[in-house]
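The next block holds one structure in the form of structure tokens; read it before the comments.
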Amino acid sequence: GGELAQVIREHHETDDGFGFPEALSASELAPLGRTLALAEYVVERMTGNEISEGLSASAMRAELLDPNEERFAPELCAAAADLVRGLRVA
């Protein structure tokens with residue numbers, strides 16, 4: 001019910017407060033909302049779209065491990081970087 005609705009509502013929010021629809025900061029986001037937002041971002045970046053090609057696993061890892069990355073929590077980025085190692089997205 002309520003927790004699932006919150007997670008779905010937050011899946012485009014980012015830790016830096018520049019997400020949408022409410023521009024919430026990390027302290028205002030549910031842990032699952034933060035995780036889903038990062039997962040969706042990784043899938044979007046790796047699969048690409050009509051504007052840009054998807055990233056390789058190594059390029060995605062580099063982006064996730066960039067010390068200047070502020071949209072997502074470093075511990076989540078590190079876990080996601082481990083998960084995409086060697087992953088190939090068609």
Side-chain angles (χ1 to χ4, degrees):
E3 182 181 7
L4 179 58
Q6 178 183 2
V7 168
I8 292 168
R9 199 171 40 253
E10 294 176 351
H11 82 281
H12 284 293
E13 299 285 355
T14 55
D15 287 8
D16 62 6
F18 288 103
F20 64 90
E22 299 182 41
L24 301 173
S25 64
S27 64
E28 300 170 290
L29 298 170
L32 286 176
R34 295 170 76 198
T35 303
L36 181 57
L38 177 58
E40 182 173 9
Y41 176 77
V42 169
V43 169
E44 182 180 298
R45 295 288 286 145
M46 290 188 75
T47 56
N49 55 39
E50 59 278 346
I51 298 171
S52 64
E53 289 187 29
L55 296 178
S56 67
S58 61
M60 186 74 246
R61 283 178 47 78
E63 189 171 308
L64 288 165
L65 299 174
D66 181 341
N68 296 314
E69 172 57 61
E70 296 179 347
R71 293 168 291 183
F72 305 104
E75 65 274 11
L76 290 178
C77 286
D82 285 343
L83 290 172
V84 300
R85 177 178 291 144
L87 186 65
R88 292 172 197 228
V89 179

With sequence neighbours left out, what residues match [X] under side-chain contact (heavy atoms from CB on, under 4.5 Å)?
X	value
Ala39	none
Ser58	Ser56
Glu44	none

Could I get the full list of side-chain hydrogen bond (donor to acceptor under 3.5 Å, both in side chains) partners for Arg34, not counting sequence neighbours?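 Asp15.
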
Go through the structure and list residues passing side-chain hydrogen bond (donor to acceptor under 3.5 Å, both in side chains) with Glu22, not counting sequence neighbours. none

Minimum-distance pair of heavy atoms, taken over all atoms of [X] and [Y]:
X	Y	result
Ala23	Gly17	CB-O, 3.1 Å
Arg9	Pro21	O-CD, 3.5 Å
Asn49	Ile51	OD1-N, 2.7 Å

Got a second to check how far [X]'s [atom1] is from [Y]'s [atom2], nearest 0.5 Å?
X	Y	atom1	atom2	answer
Glu40	His11	CD	NE2	4.0 Å
Glu63	Asn68	CD	CG	12.0 Å
Glu13	Leu29	CD	CG	6.0 Å

Checking side-chain contact (heavy atoms from CB on, under 4.5 Å) between Glu10 and each of Leu32, Thr35, Leu24, which is the one that passes? Leu24

Can I get a per-line list of side-chain donor-acceptor pairs under 3.5 Å for residues 70-85, giving both atom names and the distance, sequence neighbours left out?
residue, atom, partner, partner atom, Å
Arg71, NE, Glu69, OE1, 3.4
Arg71, NE, Glu69, OE2, 3.0
Arg71, NH1, Tyr41, OH, 3.3
Arg71, NH2, Tyr41, OH, 3.2
Arg71, NH2, Glu69, OE1, 2.6

Are Leu36 and Leu38 connected, step by step, through hydrophobic side chains (Ile, Leu, Val, Met, Phe, Trp, Tyr) whose heavy atoms are closer than 4.5 Å?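 No, separate clusters.
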
